[in-house]
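Structure first, commentary second.
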Amino acid sequence: MILYPPIEIIQVSNKTFPDGESYIRLEKTVQNQHIAIIQTTSSPQDSNLMKLAFLADAAKQNGANRVTAIVPYLAYARQDKKFLQGEGISIETVARMLGAAGIDELLTVNIHSGNTLKKFPFPAKTISAIPLLAEYFVQKGYKKAFALAPDKGAMHIAIQAQQVLGGDVGHLNKQRDRYSGQTIQTGKDLRVKGQTIIIFDDIISTGGTIVGAAKILHEQGAARVFTACVHPLLIGDAETRILDAGIDEIVGTDSVPSNISKVTLAPLIAKALKAHKSG
Ligand code: R5P
């Protein structure tokens, strides 16, 4: 937790009670201060979301005058509409809960769909880590690599990567069965033969999307295939499955700690906070 200006770190004691409930306590006064809480909400999502809400409440209960939440990975953002009859909109429930807890504004990184934030009960903004991920590959000597989106919805991400890499850009197509969760991927006329391809996505979860994309790219004669994501959830054996599918390297950010979190979000978040402070 950071207090600014001047920037000061507030230590937080936290523990888990024997029944699984979370407890937190701020160890310094926050009276009349603007507080920034940095808390990602990757697994265990529900517990991390509660901790974020408790931190905001503790800040407000102890006199903070403003609470900004910095949530590098915002859980539940993929349930941003009612896909099937009877469903709710999980991310809107999360937003209302955070607002009720005392959050006044929120900054996140590459939320699945930016439009989601318009429904939040407080100002919320998403920033992109894709240029940092693309820069990682430039540093490795892959300038001019082909930036590929695994589906049309991720094309805006691939375009951001292309602006750094300077090569070609394109997308595959992906359709998901909303009952079984199974996806069908296709890709036509991509002209990837002999090229270095980097697949950019917001999230890698089970790895199914990247494994399917790798198969198509290898069938079409790609020379080498890398993948980069902002949020490496990497459920189960996702990392092994992706490498077994012939992906040369998987790169993610530290929005979710993992083996492949090789790109830190720290400079991006620091820049956004500084701009906010002076804005
Ligand atoms: C969904 O459209 C997202 O952008 C990702 O493509 C998806 O969450 C990846 O999931 P998985 O790794 O399970 O295929």
Side-chain angles (χ1 to χ4, degrees), residues 40-43 45 71-84 87 89-91 94 108-117 126-134 146-162 169-187 190 197-218 225-253 255-261 263 265:
T40 207
T41 57
S42 53
S43 180
Q45 293 92 325
V71 189
Y73 172 69
L74 184 56
Y76 292 104
R78 284 175 289 177
Q79 183 68 24
D80 56 2
K81 54 173 83 87
K82 286 197 277 180
F83 296 98
L84 296 175
E87 290 180 347
I89 306 178
S90 308
I91 189 59
V94 166
T108 188
V109 182
N110 289 97
I111 193 166
H112 185 61
S113 162
N115 283 336
T116 308
L117 299 175
T126 183
I127 52 177
S128 180
I130 294 296
L132 288 179
L133 287 165
F146 188 125
L148 186 84
D151 54 50
K152 204 171 172 188
M155 190 60 180
H156 67 286
I157 284 180
I159 290 168
Q160 287 173 18
Q162 181 208 24
V169 66
H171 69 86
L172 299 176
N173 292 303
K174 183 171 85 173
Q175 282 173 308
R176 188 179 292 276
D177 181 310
R178 286 286 160 195
Y179 288 97
S180 67
Q182 294 296 314
T183 55
I184 300 170
Q185 287 165 274
T186 50
L190 280 170
I197 315 295
I198 309 170
I199 310 167
F200 287 89
D201 209 350
D202 56 342
I203 296 171
I204 298 179
S205 181
T206 65
T209 300
I210 301 301
V211 168
K215 185 167 182 287
I216 294 170
L217 295 169
H218 286 126
V225 183
F226 297 93
T227 188
C229 71
V230 179
H231 309 299
L233 303 185
L234 298 176
I235 306 306
D237 61 353
E239 187 180 348
T240 312
R241 289 178 59 226
I242 291 170
L243 294 173
D244 288 350
I247 296 284
D248 288 84
E249 185 179 352
I250 319 168
V251 179
T253 79
S255 74
V256 180
S258 76
N259 286 340
I260 58 120
S261 298
V263 172
L265 294 175

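If you read the sequence from its start, that first residue is 1, and numbering goes on from there. For ligands, and for the atoms within them, numbers begin at 1 and follow the listed sequence.
Of the protein's non-hydrogen atoms, Asp201 OD2, 2.5 Å is the one closest to atom 6 (O) of ligand 1. Of the protein's heavy atoms, Thr209 OG1, 2.5 Å lies nearest to atom 14 (O) of ligand 1. Atom 13 (O) of ligand 1 has as its closest protein heavy atom Thr206 OG1, 2.5 Å. Considering only non-hydrogen protein atoms, atom 1 (C) of ligand 1 sits nearest to His112 CE1, 3.5 Å. For atom 9 (C) of ligand 1, the closest non-hydrogen atom of the protein is Ile203 O, 3.5 Å. Annotation: atom 4 (O) of ligand 1 to nearest protein heavy atom, Asp202 OD1, 2.5 Å.
For ligand 1, the atoms closer than 4.0 angstrom to any heavy atom of Arg78 are 8 (O). If you number the atoms of ligand 1 from 1 as listed, the ones under 4.0 Å from a heavy atom of Gly207 come out as 11 (P), 12 (O), 13 (O). Every atom of ligand 1 with a heavy atom of Ile204 under 4.0 Å away is listed here by number and element: 12 (O). Every atom of ligand 1 is numbered from 1 in the order shown, and the set under 4.0 Å from a heavy atom of Lys174 is 1 (C), 2 (O), 6 (O).
Taking any N or O of Pro150, backbone or side chain, none lies under 3.5 Å from an N or O belonging to ligand 1.
Under the 3.5 Å distance criterion, the side-chain polar atoms of Thr227 are matched with a main-chain donor or acceptor of Ile199. One N or O on the side chain of Asn110 and one on the backbone of Ala129 form a donor-acceptor pair closer than 3.5 Å. A donor-acceptor pair is defined here as one N or O able to donate and one able to accept, closer than 3.5 Å; such a pair exists between the side chain of Thr41 and the backbone of Tyr73.
No side-chain heavy atom of Val109 sits under 4.5 Å from any side-chain heavy atom of Thr253. Side-chain contact between Leu265 and Ile127 is absent, with no heavy atoms from C-beta onward closer than 4.5 Å.
Looking at every heavy atom in both residues, Arg241 comes nearest to Val211 through O-CG2, 3.7 Å. Among all heavy-atom pairs drawn from His218 and Gly246, the shortest one is CE1-O, 3.2 Å.
Within a 6.0 Å sphere centred on CG of Leu84, other residues, nucleotides and ligands contribute more than 12 heavy atoms.
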